[in-house]
Amino acid sequence: MPRSKALPDELDPHARQLVTRLRRLKDRDELTLRHLAAKTGYSAKSWERYLGGTSLPPREAVEALARITGTDPAPLLALREIAADSWDSRRTRTAEETRLREQDAVGDAGEPEADAAEGTRGGEPEPPGRPTAPRPVTPARFPHLVLTTVLAVLVVALGTALLLVLRHDDAAPAHVAATPSSAAASPPPAYACHLTRVDGRWSAGINHGRDTEIGYGATGADVAEAQCLLRRAGISPGGIDGMFGPLTLRAVKTFQTRAGLVADGMVGPRSWQALRG
């Protein structure tokens, strides 16, 4: 399992604590970003941002990670709400500081120098003895004030638009292009265990009693059937989602060891027989 990158120094303490807990859950169950994308419906790129501290994970993503790792989501969601308040305040403060820097840069651009030729009119010296008429004051700063106001409005508008785009990207599950791996990124179908005894053998009523050999990475009704039978045997495979992931692999090996079988993590004819026995 690759070592996680260091979190940004400017990350809020509450957000840092939330990300640290999510990382521990991921590492504990040996989940990769691809596993998280397949099991939660959020893309691997989104999880890279969430676990890297550059984007605050939405509530649904936190709940999904808690569900697939068998963790109570309440403490994580409470910590996420506290982090969200600090996160929004930091973004607002950053936008305001950017606007003020732009305004200062425009205001310091310089003012037109005043005419140094005092007492002249039209390039000719004033006749001696004649009083100099007061010159009208030209509002030299007026164009700068207009430009400053326009730039400030543009900066605020751009900051607001960027914030809305980021929130929309984090709030919605990623839409994966139609490729051979797109089915893996879709939320897994729901299965229900209906355990019954058929001819003296246990069945969950999902794969019609098939003994198909399955292993790590497999998906579908055969996996869901094995997960139900593992749960009946008192070993939790995580959720009944039809996906042969790290939790299911660990449960299969535990069952095989308990049943005196070779703990290779593959559910073949002998393991099916023991599960249904």
Side-chain angles (χ1 to χ4, degrees), residues 1-2 24-45 47 61 63-71 173-277:
M1 186 69 64
R24 287 175 181 170
L25 292 176
K26 167 184 169 294
D27 295 340
R28 186 197 69 186
D29 290 345
E30 300 178 356
L31 298 172
T32 65
L33 296 179
R34 293 182 61 186
H35 291 148
L36 291 177
K39 288 178 173 289
T40 65
Y42 289 82
S43 69
K45 201 168 188 65
W47 276 112
E63 290 175 341
L65 180 55
R67 173 177 55 80
I68 65 176
T69 56
T71 305
H175 297 284
V176 183
T179 64
S181 62
S182 62
S186 302
Y191 295 96
C193 301
H194 300 289
L195 293 168
T196 56
R197 295 278 284 182
V198 180
D199 296 332
R201 304 179 68 199
W202 284 104
S203 171
I206 299 177
N207 76 339
H208 305 293
R210 291 193 302 269
D211 291 344
T212 306
E213 185 176 40
I214 55 175
Y216 187 81
T219 60
D222 294 325
V223 179
E225 177 87 6
Q227 289 172 333
C228 289
L229 295 175
L230 286 167
R231 180 172 289 181
R232 188 204 69 81
I235 304 173
S236 174
I240 309 299
D241 54 7
M243 302 187 70
F244 203 126
L247 297 179
T248 301
L249 177 63
R250 184 180 303 170
V252 169
K253 289 184 177 181
T254 301
F255 176 80
Q256 289 173 329
T257 301
R258 182 187 300 176
L261 302 173
V262 177
D264 57 1
M266 297 292 296
V267 181
R270 289 173 179 260
S271 295
W272 280 115
Q273 184 178 2
L275 283 170
R276 297 188 186 281

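Predicted model only: the values in this text are computed from it and were never measured.
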How far does [atom1] of [X] sit from [atom2] of [Y], to the nearest 0.5 angstrom?
X: N207; Y: E225; atom1: CG; atom2: CD; result: 4.0 Å
X: R258; Y: T254; atom1: CZ; atom2: OG1; result: 7.5 Å
X: I235; Y: K253; atom1: CD1; atom2: NZ; result: 13.5 Å
X: R250; Y: D29; atom1: CZ; atom2: CG; result: 5.5 Å
X: M243; Y: K39; atom1: CE; atom2: NZ; result: 5.0 Å

Would you name the heavy atoms of [X] and [Y] that are closest together and state the gap between them?
X: T257; Y: A263; value: OG1-CB, 3.5 Å
X: S203; Y: G205; value: OG-N, 3.1 Å
X: Y216; Y: G245; value: CE1-C, 3.4 Å
X: G265; Y: L249; value: CA-CD1, 3.7 Å
X: I206; Y: C228; value: CD1-SG, 3.8 Å

Please name all residues satisfying side chain to side chain contact (heavy atoms under 4.5 Å, CB included) with [X], sequence neighbours left out, ordered by chain then number.
X: L36; value: K26, L31, L33, W47, L51, L65, I68
X: R231; value: P237, I240
X: V262; value: D264
X: L261; value: Q256, A259, R270, S271, A274

(request) May I ask you to check whether Q227 and D241 show a side-chain donor-acceptor distance below 3.5 Å? (result) yes
Would you check if V252 and L230 make a side-chain contact, meaning some heavy-atom pair closer than 4.5 Å?
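Yes, their side chains come closer than 4.5 Å.
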TODO: Could you check if a side-chain atom of F244 sits within less than 4.5 angstrom of a side-chain atom of I214, using non-hydrogen atoms only?
DONE: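 In short, these two side chains touch, coming nearer than 4.5 Å.
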For the pair R276 (side chain) and W202 (backbone), establish whether a donor and an acceptor sit closer than 3.5 Å, ignoring hydrogens and angles. yes
By side-chain hydrogen bond (donor to acceptor under 3.5 Å, both in side chains), T69 pairs with (sequence neighbours left out) T71
- Query: Taking only residues two or more places apart in sequence, or in another chain, which ones meet R210 in a side-chain hydrogen bond (donor to acceptor under 3.5 Å, both in side chains)?
  - Reply: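 Per chain and number, R210 pairs via side-chain hydrogen bond (donor to acceptor under 3.5 Å, both in side chains) with D222.
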Check: Considering residues, nucleotides and ligands other than R28, do more than 12 of their heavy atoms fall under 6.0 Å from its CZ?
Finding: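 Atom CZ in R28 is packed in, count exceeds 12.
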